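Quantities reported herein were computed from a predicted structural model and do not represent experimental measurements. Side chains included, hydrogens not; waters and symmetry mates left out as well; all remaining heavy atoms used. Residue numbering restarts at 1 for every chain, and letters A, B, ... go by the order of the sequence lines.
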Number of protein chains: 2
Amino acid sequence: MSVGDTEKSTSDRGRLDKRRAIVEAALRVFARVGYAQASLDLIAAEAGVAKPTIYNHLGSKENLFRHVMTETAARANGKTMEVLESFPGEADGLRPGLEDVAGKLVACYTDEQSQAVRRLLYAEAVRFPDLFDQVRASGPDQFIEALAGRLARLANAGHLRIEDPVRAANQFIALVYEELPTLSTFGSRPLDQKDAEKVAVAGVDTFLRAFGSSGGS
Amino acid sequence: MSVGDTEKSTSDRGRLDKRRAIVEAALRVFARVGYAQASLDLIAAEAGVAKPTIYNHLGSKENLFRHVMTETAARANGKTMEVLESFPGEADGLRPGLEDVAGKLVACYTDEQSQAVRRLLYAEAVRFPDLFDQVRASGPDQFIEALAGRLARLANAGHLRIEDPVRAANQFIALVYEELPTLSTFGSRPLDQKDAEKVAVAGVDTFLRAFGSSGGS
DNA sequence: GTGAAAATGAACTGGTGAGTTCAATTACCT
DNA sequence: AGGTAATTGAACTCACCAGTTCATTTTCAC
């Protein structure tokens, strides 16, 4: 867990950005073959680096995996949170605003790295339960809270009829993501963006049928 | 259950339903430690069986895994399909009828073996993509079709307003399952049945707000 | 340049696990 | 009782891989 030891104090000497190359290659290899099947020799080769260098930088396979997961998840979560900045604040085009947000969320969800992290976390939830909790707490949990806040504001202004904003937020993403995991075989397969868009729009439609205050469009 | 009495003594040697004991033990071990970490020695010990016996019956670790997955999934899928037999046919208590179905579906979904299979399929989707497809085609895909048929009948009788029954079926289960995977950490953690019930009822409520033709209740 | 930290590659250790072999044992059938 | 097939335990082969060691080379700071 000695995470802070990779600062500019010492590791900026010698060859640079080896560390980044290692982490990026590790994500690719882990995503491709899974944790158990990913040998450090393979990761080293893919990163263009010698095996001992990996240990110099990251100590062990487990530590490498933890770093790869947390760093990639943090990046993906950041992008997802950014989507909320374009969330419709007033009733000015509520439906197109929600469709826009839904489309962007689908794009984040189906991002290659995002799917890889999700699949790996799921796959290794038994071996790294703490990692699972950590990533979820810093990602989805916070996102749902933020989305619930936005929905509550709209409801308060009379643009939506919502009693439980957190539940509504969960149902919103449930409707928008709907069968995404199924369509993409849980991320192990490319996904047709057209299909994903349709699912998102249909999800927004159903959401507004249930929670919209006026005619909708 | 039937495996707890298999001691290592010389009592129950010879030909019994070793095969069943092996498959059951293998499911438990796979679910507990994952595919890669499950050694055949461990499975043999847990099944109260010698290692060569496993090879006599099932040939290889991969083949054993495939059998365990398909057989367990078939059983779980069967139970899920049975739920549809109690699907409300007329408008007689549409809401309580749907809530009843939703509750039963949640029970199937959160069944221990069902979750174990789902988690393992997800975890090993990269290594066994064909297995993933096979199980999904014989399970969820058929179920969605059947559910869509029931919904279409209700819509045809004027009890629901549904344009796309398959989409409505997908959204129904999306709403009903909602955050089940999150709540149970994708099945690697026990789940409070009370919470699951609430989610299911809320899902039905939202579904009827969106698709109900009359006041609802 | 020079020197020290970092990187390299190649060989090595230790452990684990899949799959096999085989002689001895056990259960079931007639 | 006798024969046959399944079962058993134990030892074995073979391969893979995490992690280490070390002598050598590269990179960069000064």
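Counting to the nearest Å, the P atom of D/dG19 and the CG atom of A/N63 are 10 Å from each other. With rounding to whole Å, A/L58 atom CG is found 15 Å from C/dA7 atom C1'. Between A/I54 atom CD1 and C/dA10 atom C1' the separation is 16 Å, expressed in whole Å. Note: NZ (A/K18) to P (D/dT26) measures 13 Å, nearest angstrom. Atom CD1 of A/I22 and atom C1' of C/dA6 are 12 Å apart (whole Å). B/K61 has its NZ atom 8 Å from the P atom of C/dG19, to the nearest Å. Atom CG in A/N56 sits roughly 10 Å away from atom P in D/dT20 (whole-Å rounding). Rounded to whole Å, the distance from CD1 on B/I43 to P on C/dG17 is 11 Å.
Nearest nucleotide to the side chain of B/K51, out of D/dG19, C/dT8, C/dT20: C/dT20. Of the candidate nucleotides D/dA18, C/dT8, C/dG19, D/dA18 has the atom nearest to the side chain of A/L40. Considering only the side chain of A/P52, D/dT21 comes nearest among D/dT21, D/dA18, D/dT8. Of the candidates C/dA7, D/dT20, C/dT20, D/dT20 carries the atom nearest the A/Y55 side chain, counting heavy atoms from C-beta on.
At the heavy-atom level, A/A38 lies under 4.0 Å from the strands shown only through sugar-phosphate atoms.
Contact check, B/H57 against D/dA6: no side-chain N or O comes under 4.0 Å of OP1 or OP2. One finds no side-chain N or O of B/T53 lying less than 4.0 angstrom from the OP1 or OP2 phosphate oxygen of D/dT7.
For the pair A/E71 and A/R75, the salt-bridge criterion is not met [side-chain N within less than 4.0 Å of a carboxylate O]. Between A/R127 and A/E124 there is a salt bridge, with a side-chain nitrogen of the basic residue lying less than 4.0 Å from a carboxylate oxygen of the acidic one.
Surrounding CZ of A/R20 are at most 12 heavy atoms belonging to other residues, nucleotides or ligands under 6.0 Å away.
With B/D111 contributing its side chain and B/A107 its backbone, the two residues share no donor-acceptor pair below 3.5 Å.
Atom CZ of A/R153 is separated from atom CZ of A/R150 by 5.5 Å, given to the nearest 0.5 angstrom.
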